[in-house]
Amino acid sequence: MKHGTIILFLFTLSMFSQEAIETTLIKKTPLHAETLVSVNNFGTAFYINNNVFYKKQNDIILNYNNLQLGYLVSANTFNPLKINLFYKDFNTIIILDNRLAEIFRTDFNTIKNYKNVSYISTGNDNTVWVFNQNNQKLELFDYKLNSSRAQTQPIQSDVLDLKSNYNYCWLLTKNHLYTYNYFGSLIKKIDNDGYTTIAVNNENLVLKKDNTLFYLNKNDEQPIPISLPNLIINQFFVINETLYIYSQKTLQEFHLKIN
C-alpha cells in the first residue's frame, strides 16, 4: 500500500509539473504611451495617450478623440476595419474604420433594452461581445440592429477581463475562466488560480498572474509558465509565436518556443 501511494504521488506530480516555455528576445523599441493596445504584423502600433486613441504606422500618425464621452476605458483592434472603443462613463461604444473615422455609435442608455455595460470585445460581422451588469450575462450584441443575437447564463463571479475572436469569447472572472462559442454556448470552464488578465493567440491564451505570464493551449486545462527576464509587465499581447510586452516605455518582442 505504501509503495502504491508513492507511485500515485509521483504520477500526479509528473502530470502537474510542466517545464516553462522558453523565450528569446527579438528586439526592443522605445514607445511613449499610457496604454499600448496592440501592434500588428506590419508594425502598426495602436495606443492611448491622454484619453486620445492613436494609430502609428511608420511616420504617419492618426488619432481619434471624443473627450465629451469621458474616459476611454478600452480599445479593441482585432478587426482593423471595425475598431471598437468603449467609454464606460457614458455607456457608449464607438466603431472606427482603418482611418480612425467614426462609422457607428451605440449609446446603451438610449436603446430599447437598456444595458449597463462594463466590458466589450469584438465579435463577428456587426457585433460586439458585451457584459451586461444588469442581468450579469455576456451578450453578443448587434450594434446595427440594437439587439442581442446570443446571451449566456448569468455569471456568478466578478468579471476581470473579456477577450474574443470571430469564433469564440473568453470571459475571465475571479473564480473561473469561461470559453463560449459564437452562439453563446459554454464549451469550457476551468478554475481561475489568481489570473487577472488574458490575451488571445488564435484559440490559445496567455494569462497574467501577478507579474508572471502563463500559456494555455486550447486543448489543455493547466497553464504553463512562460520564462521571461525580470521586467514590469504593463501590457502584453501575442501574435502567432511572438509575445509583445510593453514595459516602462519600451515595447519588447519575444519569440515563444512552443512545441
Side-chain angles (χ1 to χ4, degrees), residues 20-65 71-87 94 96-100 119-122 160-165 170 172 195-217 223-258:
I21 293 177
E22 296 298 324
T23 59
T24 302
L25 179 65
I26 300 173
K27 66 177 180 178
K28 297 182 180 181
T29 306
L31 180 65
H32 294 281
E34 291 177 1
T35 302
L36 178 66
V37 176
S38 68
V39 177
N40 65 22
N41 289 324
F42 304 102
T44 303
F46 300 87
Y47 57 93
I48 300 171
N49 262 337
N50 297 320
N51 216 34
V52 179
F53 180 71
Y54 291 90
K55 174 183 179 181
K56 183 178 185 296
Q57 185 174 19
N58 298 322
D59 295 328
I60 300 174
I61 300 178
L62 305 175
N63 72 80
Y64 174 89
N65 71 80
Y71 182 63
L72 176 56
V73 171
S74 67
N76 190 297
T77 62
F78 180 77
N79 182 347
L81 301 178
K82 294 179 180 179
I83 298 168
N84 58 68
L85 308 183
F86 179 42
Y87 294 86
I94 303 292
L96 307 177
D97 64 15
N98 63 341
R99 300 293 298 174
L100 302 194
Y119 289 87
I120 71 166
S121 190
T122 298
L160 302 177
D161 201 0
L162 174 65
K163 294 293 190 301
S164 61
N165 57 25
W170 292 266
L172 181 67
Y195 304 107
T196 56
T197 316
I198 55 178
V200 177
N201 177 30
N202 297 320
E203 295 175 15
N204 308 309
L205 299 179
V206 173
L207 305 97
K208 181 183 178 185
K209 179 180 179 181
D210 298 323
N211 200 52
T212 304
L213 298 182
F214 296 79
Y215 188 86
L216 179 62
N217 186 280
I224 304 171
I226 298 174
S227 178
L228 290 166
N230 186 23
L231 73 168
I232 297 174
I233 302 173
N234 298 122
Q235 285 93 38
F236 69 97
F237 53 94
V238 60
I239 301 175
N240 298 322
E241 293 186 354
T242 301
L243 173 66
Y244 295 84
I245 296 178
Y246 186 54
S247 175
Q248 298 178 312
K249 307 302 180 185
T250 301
L251 178 63
Q252 304 190 39
E253 300 177 36
F254 296 88
H255 173 65
L256 289 173
K257 299 179 182 178
I258 303 171

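These numbers were taken from a predicted model, which means no experiment stands behind them. Here, residue 1 is the first one in the sequence, and each next residue gets the next number.
- In this structure, the side chains of Ile120 and Asn76 stay at 4.5 Å or more apart for every pair of heavy atoms.
- The line from CG of Asn40 to CD1 of Ile239 is 6.5 Å long, rounded to the nearest 0.5 Å.
- Between atom OG1 of residue Thr35 and atom CG of residue Asn49 there is a gap of 8.0 Å, rounded to the nearest 0.5 Å.
- Distance alone, capped at 3.5 Å, places no donor-acceptor pair between the Gln235 side chain and the Tyr246 backbone.
- Asn202 has its side chain within reach of Asn240: a pair of non-hydrogen atoms, C-beta onward, lies under 4.5 Å apart.
- Looking at every heavy atom in both residues, Pro223 comes nearest to Leu216 through N-CD1, 3.8 Å.
- The backbone N or O of Arg99 lies less than 3.5 Å from a partner atom in the side chain of Asp97, making a donor-acceptor pair.
- Of all non-hydrogen atoms in Tyr195 and Phe214, the two that sit nearest each other are CE2-CD1, 3.5 Å.
- Interatomic distance, CD1 of Ile21 versus OG of Ser227, reported as 10.0 Å (0.5 Å rounding).
- Between the side chain of Asp161 and the backbone N or O of Thr196 there is no donor-acceptor pair closer than 3.5 Å.
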Take Thr122 and Lys82 through the test side-chain hydrogen bond (donor to acceptor under 3.5 Å, both in side chains) and record every step on the way to the result.
CA-CA 9 Å; Thr122 298; Lys82 294 179 180 179; over 6 Å; no
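- Asn65 CG to Tyr54 OH: the interatomic distance, rounded to the nearest 0.5 Å, is 8.0 Å.
- Using a distance-only test at 3.5 Å, with no hydrogens or angles considered, no donor-acceptor pair links the side chain of Lys163 to the main chain of Val200.
- Put simply, the side chain of Leu213 reaches to within 4.5 Å of the side chain of Ile245, judged on heavy atoms.
- Residues Ile83 and Tyr64 form no side-chain contact, since every pair of their non-hydrogen atoms from C-beta on lies 4.5 Å or further apart.
- A donor-acceptor pair is defined here as one N or O able to donate and one able to accept, closer than 3.5 Å; no such pair exists between the side chain of Asn50 and the backbone of Val52.
- The number of heavy atoms from other shown groups lying within 6.0 Å of CD1 (Ile61) is above 12.
- Contact detail for Glu34 and Asn51: the closest heavy-atom pair is OE1-N, 4.3 Å.
- Within the 4.5 Å cutoff, the side chain of Trp170 has no heavy atoms near those of the Leu172 side chain.
- Judged by distance alone, with hydrogens and angles left aside, the side-chain atoms of Lys28 form no donor-acceptor pair with the main-chain N or O of Thr250 at under 3.5 Å.
- Contact of the Val37 side chain with the Ile48 side chain is registered, since non-hydrogen atoms from C-beta on lie closer than 4.5 Å.
- Heavy atoms from other residues, nucleotides or ligands lying under 6.0 Å from NZ of Lys249 number more than 12.
- Partner Phe53 forms a side chain to side chain contact (heavy atoms under 4.5 Å, CB included) with one of Leu100, Leu62, Asn63 and no other, that one being Leu100.
- What you find for Ala20 and Ile224 is that their closest heavy atoms are CA-CG2, 4.2 Å.
- Remark: the backbone N or O of Phe254 is not paired with any side-chain donor or acceptor of Thr23 at under 3.5 angstrom.
- A side-chain donor-acceptor contact under 3.5 Å links Asn204 and Tyr215.
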Going through the checks in order, is the side-chain contact (heavy atoms from CB on, under 4.5 Å) test met by Thr44 and Val39?
CA-CA 5 Å; Thr44 303; Val39 177; over 6 Å; no
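- The distance from atom CG of Leu251 to atom OH of Tyr47, rounded to the nearest 0.5 Å, is 12.0 Å.
- Counting heavy atoms from C-beta on, the side chains of Leu72 and Leu85 come closer than 4.5 Å.
- Phe236 CZ to Ser38 OG: the interatomic distance, rounded to the nearest 0.5 Å, is 13.5 Å.
- Counting heavy atoms from C-beta on, the side chains of Leu243 and Leu228 come closer than 4.5 Å.
- The aromatic ring centroids of Tyr244 and Phe237 lie less than 6.0 Å from each other.
- Gln252 contributes no side-chain N or O that, together with a main-chain N or O of Leu25, makes up a donor-acceptor pair within less than 3.5 Å.
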